[in-house]
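First comes the structure, then the notes that go with it.
Just so we're on the same page: letters track the sequence lines, and every chain starts at 1.
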Number of protein chains: 2
Amino acid sequence: MKSKLNKELVIRLLKYRRILTQLKSLGFEKVFSNNLGDAIGVAPALVRKDFSLLVLGGNKRGGYNIDYLSEQLNRILGKSREQKIIIVGMGKIGSAVAQYKGFHQGDFEVAAGFDISPESLLHKIEVPVLPMSQLKDFIQTQQIEVAILAVPEDVATDCHRQLKDAGIRGILNFTPIELKTTENCIIHNINIGVEIENLFFQVVKSSLPFDVEAALPDLSDEDALADAET
Amino acid sequence: MKSKLNKELVIRLLKYRRILTQLKSLGFEKVFSNNLGDAIGVAPALVRKDFSLLVLGGNKRGGYNIDYLSEQLNRILGKSREQKIIIVGMGKIGSAVAQYKGFHQGDFEVAAGFDISPESLLHKIEVPVLPMSQLKDFIQTQQIEVAILAVPEDVATDCHRQLKDAGIRGILNFTPIELKTTENCIIHNINIGVEIENLFFQVVKSSLPFDVEAALPDLSDEDALADAET
DNA sequence: CATTTGTTGTTCTGTTTTTCACAAAAACAT
DNA sequence: ATGTTTTTGTGAAAAACAGAACAACAAATG
């Protein structure tokens, strides 16, 4: 069974929705595939194909209706509003995310943060911070499904287990430990260290006057072979 | 010209390197493809394929030599040591990243943070925080190539322009504004809001007793067609 | 009313990336 | 020595993904 809503597509749809919300608030009523493409950094043809796949039609010369598109994307993606999440580990990253303003028009509410020593966190945080001992109970009574994991590396696997035991269905993992999706719990890893290293590599590679890959094994044999055949 | 070192491959290589460093510090000398695959969450065959592509050989029954692999990965990826980065926007996210401990054995040094009002930042931060007015000069005299952008949404594009004007070659962008890579400046976007929305979608989708995609346009026509042809 | 213009919808094709499957080689055991 | 096990290395198949091209159509124009 091939899945129609592949991973990249879903991300694009979420981005379209955000852009549409912005455009709407600016008073626009319609939008063209190249506007959306520019906004999220993909080719206009891909935008049209995405909507075509979902049978979201536009008008042959008038582009797409923003209200219609928004509604339909909400139908497909779920309104994802009033969803509650918790944050485990209220260190720097955890509390930063707790106060993150970039959520799509307040879709999510951080129901609580958890930490080994909640008392020590005196910097004003708008969400209640509870001790880890209350984690499982809170998750189950509040029916929390999604958690953000932002604890130190050495307790990551232990916290992961606790979250799974408590019945969490999805974890956004900011620790450098690569957790793995299981049947009952979907993991998305964000490894900031790797992201920075990766960016550095790309920059250095693009800055060099020669091709980095020239240092890699020779592919010119293939060409030689091809030449020999002619 | 097809590039051998594609984006996903580079990320895997960076992850291999991290795992190898850990294994080495634990006293291991060799490692098998399935160990590495487990550690970074990919199939063992892919690990072998990666190394095969780079002509990094293992031993038919003894796995791969950790020291050798580390050296070779360092050669290919660059040692990426003593590189300096700056952080623009020392709000919650910015200062969290400034103090991020997950960097690969201290590869990177945060040379400075920049903010509109550096004085107001009284929470103890180990790196110097300078006013935006000094941004361009600092970048040029210190020869900074990579920056992390963590400012509020409404000034993101302006800061982006300032960074490009100052000659920055790579930006890790934490704002919800999707910036685009240009000839001179590589952008990697990390949109935390979208990541959370995406995770929610996947969780809801997996939780439903029926197939979400059933609500989407019918593909059974294809089957009907195929049947009709037989 | 005819013509031009602009934009969508979709097919077809091409590329890149991953998985499968198994031969080959090395280590180990008997 | 001989056989058995384990793990690599890789060619071929499969899947995922994107891009180019262009027909179809609606709107605008004169």
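Of the residues near DNA chain D, A/K7 and B/G58, the one whose nearest nucleotide (by heavy atom distance) lies more toward the 5' end is B/G58. Residues A/A43 and A/N59 each lie close to DNA chain D; by heavy-atom proximity, the contact nearer the 5' end of the strand is made by A/A43.
Using a 4.5 Å heavy-atom cutoff, the side chains of A/N173 and A/I190 are not in contact. In this structure the side chain of B/Y64 never reaches within 4.5 angstrom of the side chain of B/L20, judged on heavy atoms.
Residue contacts for A/G57: at a heavy-atom cut-off of 4.0 Å it reaches the sugar-phosphate backbone alone, with no base atom in range. At the heavy-atom level, B/Y64 lies under 4.0 Å from the strands shown only through sugar-phosphate atoms.
Relative orientation of the B/F200 and A/F108 rings is parallel, given thresholds of 30° and 60° on the angle between their planes.
Within the 4.0 Å cut-off from OP1 or OP2 of D/dT7, not a single side-chain nitrogen or oxygen of B/N34 is found. Within the structure, a side-chain polar atom (N or O) of B/N6 is placed less than 4.0 Å from OP1 or OP2 of C/dT17. For A/S33 and C/dT8, the shortest distance from a side-chain N or O to OP1 or OP2 is below 4.0 Å.
Of the listed nucleotides (C/dA25, D/dC25, D/dG19), C/dA25 has the atom at the smallest distance from the side chain of B/K60. For A/E8, taking side-chain heavy atoms from C-beta onward, the closest of the listed nucleotides D/dC17, C/dT7, D/dG9 is D/dC17. Minimum atom distance to the side chain of A/R12 is reached by D/dA18, of the listed D/dG9, C/dG6, D/dA18. Here the nucleotide nearest the side chain of A/K49, chosen from C/dG9, D/dA18, D/dG11, is D/dA18. Which of D/dT8, D/dG9, D/dA21 sits closest to the side chain of A/A45 comes down to D/dA21.
Rounded to whole angstrom, the span from the CG atom of B/L53 across to the C1' atom of D/dT8 amounts to 16 Å. As a whole-Å value, the separation of B/L54 CG from D/dG9 P is 12 Å. One can place CD1 of B/I11 at 11 Å from P of C/dT18, the figure rounded to the nearest angstrom. Counting to the nearest Å, the P atom of C/dT17 and the CG atom of B/L9 are 8 Å from each other. To the nearest angstrom, C1' of D/dT8 lies 13 Å from CG of B/N35. Atom CZ in B/F32 sits roughly 16 Å away from atom C1' in D/dG9 (whole-Å rounding). For the pair A/L46 CG and C/dT10 C1', the interatomic distance rounds to 14 Å; values are reported in whole Å. Distance B/R48 CZ to C/dC20 C1': 10 Å, rounded to the nearest Å.
Contact annotation: side chain of B/R61 to base of D/dT8, donor-acceptor pair absent below 3.5 Å.
Neither side chain, A/E195 nor A/N191, offers a donor N or O lying under 3.5 Å from an acceptor on the other. B/S70 and B/R17 share no donor-acceptor pair across their side chains, judged by distance under 3.5 Å alone.
Under the 4.0 Å criterion applied to side-chain N and carboxylate O atoms, B/R18 and A/E197 are assigned as salt-bridge partners.
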